[in-house]
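The structure appears right after this line, and notes come after that.
Atoms within a ligand are numbered from 1 in the order they appear, just like the ligands themselves. Here, residue 1 is the first one in the sequence, and each next residue gets the next number. Just so you know, these numbers use all the heavy atoms, side chains as well, and skip hydrogens, waters and symmetry mates.
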Amino acid sequence: MAEFLELRNISKFYGNIIALTGVSTTVNPGEVTCVLGDNGAGKSTFIKILAGVHQHDEGQLLLQGEEVKFNSPREALSYGIATVYQDLAMVPLMSVWRNFFLGQEPQKGIWPIRRIDIDKAKHIAKEEMAKMGIDIRDTEQSVGTLSGGERQSVAIARASYFGAKVLILDEPTSALGVKQSGVVLKRIVEARNQGLAVIFITHNPNHAYPVGDRFVILNRGRSLGNWSKSELSQAELTQLMAGGAELEALQHELAQAG
Ligand code: ADP
C-alpha cells in the first residue's frame with residue numbers, strides 16, 4: 001500500500017542558498033515522524049513546503065501515491081495537512097472555547113437572527129479536549145491563563161477537530177520546561193493513537209525519541225538520514241544531533257579564525 005505522504009529527495013533553494021536538499025521520509029496515520037535539526041538546519045523550510053507556503057524545487061511529494069505540489073496553505077489544508085505554529089495563532093484574552101473555534105463557531109437560529117450557539121460551542125470544545133486527555137474545567141477561562149503545555153494542547157485538539165489528518169507541530173516543546181514538555185508529548189501520543197499522522201519538529205532528541213516512530217535529521221539543509229525507530233537507538237540519535245551541533249560550532253569558529 002502507498003504511504004500516506006512521501007517525500008522523495010525534496011530540495012528547496014532560495015537563490016543560491018540551499019535551504020533543503022535530498023530530504024526523504026514518510027508520514028503515515030498512527031505514526032509520529034520526527035524532524036530534528038539545529039538552527040538553520042532547514043526545519044522551517046520543511047514545514048513551509050508541506051504547509052503549502054513554499055513549493056519545493058526538486059524531488060517529489062506524493063500523497064497516497066499521487067504526486068502533488070501544494071500551491072497555498074489552503075490547498076495543503078484541503079488535503080488535511082494542518083500546521084500548529086509556535087505562536088499558536090491564539091488570542092490570550094479570549095476564552096478557551098472562542099479560541100477553539102475562532103470564527104468557525106456553530107450557529108443557531110434562522111437568518112436574520114442567527115447567532116453563535118455558545119452552549120454547543122463550549123460543549124464541543126470541552127469534549128474534544130477531553131478526547132485528547134485535557135481536562136479544562138471551565139472553557140470560559142481565558143487562554144492567557146493556561147500553561148504553555150495546555151495552550152499547545154488546545155491548538156492540537158482544535159486542528160484534530162477541524163479535520164486534520166496530518167498534524168505538523170512546529171517546535172511545540174522548545175519554550176517549555178520539563179513538566180510542560182511532558183504534557184505536550186502526551187498529547188502527541190494521544191493524537192497518534194487517534195490515528196493522526198504527526199510530524200514533530202524539534203531540536204531535542206530526548207523529546208523526539210520516546211514518541212517518535214521515524215526520524216529525519218537535518219543539518220545545514222542536508223538530510224543526515226531517515227530512520228525508523230528500530231534502526232536507530234536513542235544514543236545514536238543523540239550522538240547524531242550532538243555531532244551535527246559540534247561540527248557547526250567548529251566550522252563557525254574556523255570561519256572566524258580564518
Ligand atoms: P530552521 O528552521 O531549521 O532554523 P530554516 O528552514 O529557517 O532553518 O533555514 C534553512 C536555511 O535556509 C538557512 O540557511 C536560512 O538562512 C535559509 N533561508 C530560510 N528562509 C530563507 C529565505 N526566505 N531566503 C533566503 N534564505 C532563507
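- For ligand 1, the polar-atom distance check against Ile17 finds no nitrogen or oxygen pair separated by under 3.5 Å.
- Among protein heavy atoms, the minimum distance from atom 9 (O) of ligand 1 is reached at Thr45 OG1, 4.0 Å.
- Using a 4.0 Å threshold on non-hydrogen atoms, atom 27 (C) of ligand 1 counts as touching the protein.
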Practice task
Please step through side-chain hydrogen bond (donor to acceptor under 3.5 Å, both in side chains) for the pair His207 and Thr202, ending with a clear verdict.
Solution key: CA-CA 8 Å; His207 291 175; Thr202 181; 4.7 Å; no

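- Cluster membership check: Ile49 shares its hydrophobic cluster with Ile168, using side-chain heavy-atom separations under 4.5 Å among Ile, Leu, Val, Met, Phe, Trp and Tyr.
- Atom 16 (O) of ligand 1 is not flagged as protein-proximal [any protein heavy atom, distance under 4.0 Å].
- Ligand 1 lies nowhere less than 4.0 angstrom from a heavy atom belonging to Ile18.
- Within the cation-pi definition used here (under 6.0 Å to the ring centroid, within 45° of the axis), Lys229 qualifies as a partner of Tyr209.
- Closest to atom 19 (C) of ligand 1 among all protein heavy atoms lies Tyr14 CE1, 3.4 Å.
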Practice task
Decide yes or no on side-chain hydrogen bond (donor to acceptor under 3.5 Å, both in side chains) for Ser24 and Asn226, but give the supporting numbers first.
Solution key: CA-CA 7 Å; Ser24 299; Asn226 167 41; over 6 Å; no

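- Under 4.0 angstrom from ligand 1, the non-hydrogen atoms of Asp38 all belong to its backbone.
- Between Asn39 and ligand 1, no N or O atom pair is found at a separation short of 3.5 Å.
- Near Ala19, with a cut-off below 4.0 Å to any heavy atom, the atoms of ligand 1 are 10 (C), 11 (C), 12 (O).
- At least one heavy atom of Gly40 sits under 4.0 Å from some atom of ligand 1.
- The nearest protein atom to atom 2 (O) of ligand 1, hydrogens excluded, is given as Ser44 OG, 2.5 Å; this is a heavy-atom distance.
- The pair Arg98-Glu105 counts as a salt bridge, with a side-chain nitrogen and a carboxylate oxygen less than 4.0 angstrom apart.
- Thr83 places no side-chain N or O within 3.5 Å of a backbone atom of Tyr85 that could act as its donor or acceptor partner.
- Annotation for Gln194 and Lys131: closest pair NE2-O, 3.1 Å, computed over non-hydrogen atoms.
- Close contacts between ligand 1 and Ala41 involve ligand atoms 1 (P), 3 (O), 8 (O) [criterion: under 4.0 Å to a heavy atom].
- At least one heavy atom of Gly42 sits less than 4.0 Å from an atom of ligand 1.
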Problem - Candidate pair Lys69 and Glu75, rule salt bridge (charged side-chain N to carboxylate O under 4.0 Å, His left out), full reasoning - result: CA-CA 9 Å; Lys69 218 172 211 184; Glu75 196 177 338; over 6 Å; no

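- By the criterion of side-chain heavy atoms lying less than 4.5 angstrom apart, applied directly or through intervening Ile, Leu, Val, Met, Phe, Trp or Tyr residues, Val32 is not grouped with Ile199; the two fall into different hydrophobic clusters.
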